[in-house]
Amino acid sequence: QQQVKQSPQSLIVQKGGISIINCAYENTAFDYFPWYQQFPGKGPALLIAIRPDVSEKKEGRFTISFNKSAKQFSLHIMDSQPGDSATYFCAANDHNYGQNFVFGPGTRLSVLP
Amino acid sequence: DAGVIQSPRHEVTEMGQEVTLRCKPISGHDYLFWYRQTMMRGLELLIYFNNNVPIDDSGMPEDRFSAKMPNASFSTLKIQPSEPRDSAVYFCASSPKRGLSYEQYFGPGTRLTVT
């Protein structure tokens with residue numbers, strides 16, 4: 001129940017296209033859903049995060065869509081650029097359970113020029 | 001700010017040796033986390049501290065692993081004795097207390113290879 005499932009495992013998108021990564025969870029107590037971006041040789045970095053009281057959050061080209069009833073959330077990258085090529089991790093946290101974040105397995109995104 | 005600092009960046013050691021990984025969190029951050037990342041298991045939380053006190057060490061694989069935080073600016077993760085299956089990238093992260101769930105800032109990681 002503490003797992004976060006993520007798909008696809010890898011994704012190839014043409015420059016200018018839309019990249020979509022999906023995550024699903026079971027624990028309805030999760031109340032914070034961040035996305036992290038990781039470049040090779042670097043640590044993950046927070047990209048954008050959402051709480052379940054909103055269905056969508058947008059920051060620049062990055063949008064999180066959240067479906068509470070389906071227990072799913074997704075990351076959309078609009079106008080994808082080669083510089084977006086990285087591994088993306090979704091995560092979830094129940095603040096009542098402390099700061100234990102559960103991470104998805106990651107999606108390797110490649111944006112072709 | 002320099003961000004989270006980890007040392008060494010790379011460590012190669014032989015099975016049975018003691019390994020010590022070091023972390024300096026961002027100044028003013030209340031929480032410190034140790035993670036392990038492998039291809040097979042992804043990113044796993046090993047242990048985290050709040051104000052230098054270990055809060056949850058349920059992710060520590062076994063007694064060979066230990067972590068300490070003697071002060072707000074330094075933490076160590078020790079593996080003794082090391083085994084080949086400990087080979088992974090170990091990340092330290094820190095976060096400020098802000099709201100309900102806290103943004104974590106990751107260090108660059110230490111790539112550990114145990115032969």
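Residue numbers start from 1 in every chain, and the chains themselves are labelled A, B, ... in the order their sequence lines are given, proteins ahead of strands.
- For a residue to count as touching a neighbouring chain, one of its non-hydrogen atoms must lie under 4.5 Å from one of that chain's; by this rule B/Tyr105 does not touch chain A.
- Once rounded to the nearest 0.5 Å, the distance linking CZ of A/Arg61 with CD1 of A/Ile18 reads 11.5 Å.
- Counting heavy-atom neighbours within 6.0 Å of B/Asp63 CG, excluding the residue itself, gives a total of 12 or less.
- The parts of A/Pro44 that come within reach of chain B are both its backbone and its side chain, each placing non-hydrogen atoms under 4.5 angstrom from that chain.
- At a 4.5 Å heavy-atom cutoff, B/Gln6 makes no contact with chain A through either its backbone or its side chain.
- Interface remark: B/Arg41 contributes no atoms to any contact with chain A (heavy atom separation under 4.5 Å).
- A 4.5 Å side-chain heavy-atom check between B/Leu32 and B/Gln104 finds every atom pair outside the cut-off.
- Of all the heavy atoms in A/Ala86 and A/Gln38, the pair that sits closest is CB-O, 3.3 Å.
- In the displayed structure, B/Glu14 atom CD is contacted under 6.0 Å by at most 12 heavy atoms of other residues, nucleotides or ligands.
- Interface remark: B/Leu43 contributes backbone and side-chain atoms alike to the contact with chain A (heavy atom separation under 4.5 Å).
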